[in-house]
Peer 1: 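Could you have a look at this structure, given as structure tokens, before my questions?
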Number of protein chains: 2
Amino acid sequence: MSPAEEVMRDVADVVMPDLLSGSIPYQIRLLQIASYKSFEQRVTGYGSAPRYFGMLKIVEANPGIPQARLAEAIYLDRSSLVPILETLTREGWTLRRKTATDKRVRRVFLTDTGQARLQALEAEVRAHETMVVKGLTAADKSTLLGLLARVDANLRDYFGETA
Amino acid sequence: MSPAEEVMRDVADVVMPDLLSGSIPYQIRLLQIASYKSFEQRVTGYGSAPRYFGMLKIVEANPGIPQARLAEAIYLDRSSLVPILETLTREGWTLRRKTATDKRVRRVFLTDTGQARLQALEAEVRAHETMVVKGLTAADKSTLLGLLARVDANLRDYFGETA
DNA sequence: TATTGTTATACTCTATAACTATA
DNA sequence: TATAGTTATAGAGTATAACAATA
């Protein structure tokens with residue numbers, strides 16, 4: 001068997017192109033996938049809530065937010081939010097109330113038990129974040145968030161110009 | 001109408017919780033979504049290839065890589081890779097050849113035209129990256145990649161310990 | 001006319017399990 | 001027994017278009 005006929009048997013032997021290793025969007029993408037997977041794997045026992053933790057925190061901070069505003073805040077079409085709220089309402093996290101002054105609008109709230117369970121979930125979220133940023137000093141984290149914010153500003157400019 | 005009855009009309013009025021603004025995994029997640037969306041919106045005329053650019057670069061750097069190794073390199077199940085390769089092969093980017101020494105294995109290559117078109121696509125990818133990191137110095141980019149690599153190391157440790 | 005929430009629908013992406021052929 | 005590729009299938013998650021109610 002000539003060397004050219006041998007078959008690669010181990011991922012460790014795969015050559016990663018420099019272009020990818022040095023690409024900030026590519027690294028962010030890989031990191032996001034790994035971070036999200038580890039989060040979902042670790043945080044169990046909260047039904048569908050972990051994946052909507054950010055959204056639930058926004059509801060907590062904006063009690064009675066209209067569905068359309070909530071959808072915009074998490075960059076979803078308002079039709080995509082409907083099944084999510086149905087699930088979270090069925091699981092007891094959220095409730096929707098009609099608005100007296102504008103009968104088109106339904107306002108979203110946390111239930112009392114949703115509020116309480118969100119505290120417990122938040123502790124798990126913080127623990128996960130601690131794992132993710134282990135070894136980074138407060139200055140490192142601040143630097144990282146600052147650089148990510150600058151990248152985010154570029155993307156907002158881009159969408160602002162093209163929208 | 002009492003103030004409490006007024007309805008929020010603008011996303012700008014939504015309060016973003018500090019926990020989210022200061023969360024590195026959450027910011028990475030939002031950034032990834034925005035970055036990927038801007039990339040797909042900008043780079044057109046290359047069929048399905050833009051979303052698999054990273055994979056195509058890995059094939060380029062590892063000509064003849066077995067499907068199973070390629071799937072591992074991009075963190076996909078090997079069954080998920082099959083329809084992707086069927087599409088890219090149908091569009092003329094890739095080809096698969098059986099291996100003489102191990103008849104189970106199919107090795108993946110770029111076609112000549114795939115190789116040539118990948119050069120043109122790469123120019124678009126670089127232009128997109130330039131937009132994303134606009135305003136960052138070489139030192140900033142290096143710092144950002146270094147901090148992301150440290151986060152990535154934490155996640156690899158985590159998966160290494162739990163797998 | 002425009003907005004809100006909803007429904008119907010379709011498409012993309014992914015994993016799991018089971019199969020075949022080979023090793 | 002284990003591995004490589006495939007197929008069938010199912011489940012998220014999302015968007016678009018069209019609708020009724022309301023502004």
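Naming: A, B, ... by sequence-line order, numbering from 1 per chain.
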Peer 1: Can you give me the first and the last nucleotide of DNA chain C (5' to 3') that has an atom within less than 4.0 angstrom of a non-hydrogen atom in chain B?
Peer 2: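 Contacts span C:dT12 to C:dA23, reading 5' to 3'.
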Peer 1: Tell me the salt bridge (Lys or Arg N to Asp or Glu O under 4.0 Å) pairs involving residues 18-43 of chain B, sequence neighbours left out?
Peer 2: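 Qualifying pairs, neighbours excluded: B:Glu40-B:Arg51.
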Peer 1: If you measure from CG on B:Leu118 to CG on B:Leu56, what distance do you get to the nearest 0.5 Å?
Peer 2: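 Atom-to-atom, B:Leu118:CG and B:Leu56:CG are 5.5 Å apart.
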Peer 1: The helix from C:dT1-D:dA23 to C:dA23-D:dT1: angle between its terminal axes, five pairs each, to 10°?
Peer 2: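 Comparing the first five pairs with the last five, the axes sit 0° apart.
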Peer 1: Hey, can you pull the residues of residues 56-72 of chain B with a non-hydrogen atom under 4.0 angstrom from DNA chain C?
Peer 2: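 Here the set is empty: none.
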Peer 1: Charged N to carboxylate O below 4.0 Å: is that the case for A:Arg156 and A:Asp152?
Peer 2: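 Yes, charged N to carboxylate O under 4.0 Å.
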Peer 1: If we only count heavy atoms from C-beta on, is the B:Lys57 to B:Glu122 side-chain gap below 4.5 Å?
Peer 2: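 When only atoms from C-beta onward are counted, B:Glu122 and B:Lys57 do touch, with a gap below 4.5 Å.
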Peer 1: Is any side-chain heavy atom of B:Val108 closer than 4.5 Å to a side-chain heavy atom of B:Pro66?
Peer 2: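 The answer is no; the side chains never approach within 4.5 Å.
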Peer 1: Could A:Arg126 and A:Glu129 be called an ion pair, given the rule that one side-chain N must be under 4.0 Å from one carboxylate O?
Peer 2: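 A:Glu129 and A:Arg126: not salt-bridged.
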Peer 1: For nucleotides 10-16 of chain D, just jot down a letter per nucleotide in 5' to 3' order: B, S or -, based on protein non-hydrogen atoms under 4.0 Å.
Peer 2: --SSSBB
Peer 1: State which residues pass salt bridge (Lys or Arg N to Asp or Glu O under 4.0 Å) with A:Arg69; sequence neighbours excluded, sorted by chain then number.
Peer 2: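 Listed in chain order: A:Glu72.
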Peer 1: Tell me every residue that passes side chain to side chain contact (heavy atoms under 4.5 Å, CB included) with A:Ala61, counting only those two or more places apart in sequence or in another chain.
Peer 2: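 Residues passing side chain to side chain contact (heavy atoms under 4.5 Å, CB included) with A:Ala61: B:Val15, B:Pro17.
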Peer 1: Looking at residues at least two apart in the chain, or sitting in another chain, which of them share a side chain to side chain contact (heavy atoms under 4.5 Å, CB included) with A:Thr130?
Peer 2: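 A:Thr130 satisfies side chain to side chain contact (heavy atoms under 4.5 Å, CB included) with no residue once adjacent residues are dropped.
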Peer 1: Return the value, rounded to whole Å, for the distance between atom CD of B:Glu86 and atom P of D:dT7.
Peer 2: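 Distance check: B:Glu86 CD to D:dT7 P gives 6 Å.
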Peer 1: So which pairs with a foot in residues 78-100 of chain B pass salt bridge (Lys or Arg N to Asp or Glu O under 4.0 Å), sequence neighbours left out?
Peer 2: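 Salt bridge (Lys or Arg N to Asp or Glu O under 4.0 Å) check on residues 78-100 of chain B returns no pairs.
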Peer 1: At under 4.0 Å between heavy atoms, which parts of nucleotides 18-23 of chain D does protein reach? Answer with one letter per nucleotide, 5' to 3': B base, S sugar-phosphate only, - none.
Peer 2: ---BBS
Peer 1: What is the distance, to the nearest angstrom, from the CG atom on B:Leu85 to the P atom on D:dG5?
Peer 2: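 Nearest whole value for this atom pair: 9 Å.
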Peer 1: Round to the nearest Å and state the distance from A:Asp10 atom CG to D:dT3 atom C1'.
Peer 2: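 Spelled out: CG on A:Asp10 to C1' on D:dT3 is 14 Å.
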Peer 1: Flag yes if more than 12 heavy atoms outside A:Asp112 fall under 6.0 Å of its CG atom; otherwise flag no.
Peer 2: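 Result for CG/A:Asp112: open.
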Peer 1: Sequence neighbours excluded, which residues qualify as side chain to side chain contact (heavy atoms under 4.5 Å, CB included) partners of A:Asp140?
Peer 2: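 With neighbours one apart ignored, the set is A:Leu136, A:Thr137, B:Leu147, B:Arg150.
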Peer 1: So, using side chain to side chain donor-acceptor pair (under 3.5 Å) as the criterion, who are the partners of A:Ser38 when residues are at least two apart?
Peer 2: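 For A:Ser38, the residues satisfying side chain to side chain donor-acceptor pair (under 3.5 Å) (neighbours in sequence not counted) are A:His128.
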Peer 1: Please check: side-chain N/O of B:Gln27 versus main-chain N/O of B:Leu20, any donor-acceptor pairing under 3.5 Å?
Peer 2: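 Checking the backbone N and O of B:Leu20 against the side chain of B:Gln27, a donor-acceptor pair under 3.5 Å is found.
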Peer 1: OG1 of A:Thr87 to OH of A:Tyr52: how many Å apart, nearest 0.5 Å?
Peer 2: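 If I round to the nearest 0.5 Å, the distance is 7.0 Å.
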